[in-house]
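Remarks on the structure that follows.
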Amino acid sequence: MVVGIFAGLTNLIMVFMYGVAGGHLTCRLRKLLFEHMLQQEIGFFDDKNNSTGALCARLSGEAAAVQGATGHRIGTVLQAFGTLSFALVASLYYEWRLGLVALAFVPIMGLMVYKQGKMTTRHSYGTAKTMEKSSKVS
């Protein structure tokens, strides 16, 4: 029970700290992106792809994507990698045959995580483009 409470508290602290770090990073990124947008020459704003709505959508969308990639997701990935590593080492130490069976499935799991990441990226890219087009219209 003590291990469960300790794991819950550390998970809560980890999620909170990664959330705070992601929020600060997003705020800083939006500020830098806005500053660089203001430093563009006038011809940049004449392009239809750089209308006010498109720039606002890009400013909010790209910074939010960075926050999504750095906040809770990094914490979850690190926690999953640590759990997998600990489980493999423990299984190889206590019962090496079971550890080898578990080790055989690691490449398959890695391939599935890679494929899922590519599908998610492709889906979020399409959503970002749609939001940019709708912001241009509005």
Side-chain angles (χ1 to χ4, degrees):
M1 188 163 168
V2 172
V3 172
I5 292 171
F6 178 73
L9 286 175
T10 55
N11 193 23
L12 177 69
I13 291 170
M14 180 188 68
V15 167
F16 177 73
M17 292 300 175
Y18 276 116
V20 169
H24 286 294
L25 180 65
T26 303
C27 183
R28 183 171 163 246
L29 181 67
R30 280 188 178 145
K31 181 182 170 198
L32 289 172
L33 189 58
F34 186 66
E35 285 177 4
H36 283 83
M37 280 182 187
L38 291 178
Q39 293 174 358
Q40 297 296 321
E41 54 187 57
I42 296 297
F44 175 79
F45 299 102
D46 291 336
D47 188 11
K48 288 183 180 181
N49 292 331
N50 297 325
S51 66
T52 306
L55 291 177
C56 288
R58 199 175 305 153
L59 186 64
S60 67
E62 290 179 4
V66 169
Q67 182 181 10
T70 58
H72 301 289
R73 191 168 293 162
I74 292 245
T76 304
V77 167
L78 287 175
Q79 186 178 16
F81 182 74
T83 302
L84 179 68
S85 301
F86 177 75
L88 282 175
V89 168
S91 65
L92 285 170
Y93 179 75
Y94 287 110
E95 181 58 46
W96 63 271
R97 292 173 290 201
L98 180 63
L100 289 177
V101 170
L103 196 60
F105 286 100
V106 169
I108 296 170
M109 289 190 309
L111 180 66
M112 292 300 119
V113 167
Y114 174 73
K115 288 287 191 181
Q116 182 184 10
K118 283 190 65 114
M119 286 176 23
T120 304
T121 303
R122 196 174 317 130
H123 176 70
S124 65
Y125 178 74
T127 304
K129 283 296 179 187
T130 305
M131 289 296 289
E132 189 174 312
K133 286 179 184 177
S134 66
S135 293
K136 273 191 225 177
V137 170
S138 65

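Atom set for the values below is all heavy atoms of this structure, side chains included, hydrogens, waters and symmetry mates excluded.
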Original post:
Between atom CZ of F105 and atom CG of L111, what is the distance when rounded to the nearest 0.5 Å?
Top reply: 13.5 Å

Subject >> Reported CG-to-CH2 distance for the pair L100 and W96, which is rounded to 0.5 angstrom >> reply: 6.0 Å

Original post:
So which pairs with a foot in residues 93-118 pass salt bridge (charged side-chain N to carboxylate O under 4.0 Å, His left out), sequence neighbours left out?
Top reply: E95-R97

Original post:
Do you know which two heavy atoms are closest between L88 and G99, and how far apart they sit?
Top reply: CD2-O, 4.3 Å

Original post:
Crowded around E35 CD? As in, over 12 foreign heavy atoms under 6.0 Å?
Top reply: yes

**OP:** Taking the side chain as every heavy atom from C-beta outward, state whether M14 and L78 have any pair of such atoms under 4.5 Å apart.
**Re:** no

Subject >> Path from M37 to I42 over hydrophobic side-chain contacts below 4.5 Å >> reply: no

**OP:** Identify the heavy atoms of P107 and A104 that sit nearest to each other, and give their distance.
**Re:** CD-O, 3.5 Å

**OP:** Verify the neighbour count for atom CD of Q116: are there more than 12 heavy atoms of other residues, nucleotides or ligands below 6.0 Å?
**Re:** no

Subject >> Result of checking L9, V3, V2 against I5 for side-chain contact (heavy atoms from CB on, under 4.5 Å) >> reply: L9

Subject >> Within 6.0 angstrom of F44 CZ, more than 12 heavy atoms from elsewhere >> reply: yes

**OP:** Establish whether M109 and L103 are linked, either directly or via other cluster members, by ILVMFWY side-chain heavy-atom contacts under 4.5 Å.
**Re:** yes

Original post:
With the 4.5 Å side-chain cut-off for hydrophobic clustering, are L38 and L33 part of the same group?
Top reply: yes

Subject >> Qualifying residues under side chain to side chain contact (heavy atoms under 4.5 Å, CB included), relative to M17, sequence neighbours excluded >> reply: I13

**OP:** Quick one: pull up OG1 in T26 and NZ in K31 and give me the separation to the nearest 0.5 Å.
**Re:** 14.5 Å

Subject >> Approximate separation, where rounding is to 0.5 Å, of L55 CG and Q40 CD >> reply: 9.0 Å

Original post:
For atom CZ of F45, is the number of surrounding heavy atoms from other residues, nucleotides or ligands below 6.0 Å larger than 12?
Top reply: yes

Subject >> Pairs touching residues 2-17 that satisfy salt bridge (charged side-chain N to carboxylate O under 4.0 Å, His left out), sequence neighbours left out >> reply: none

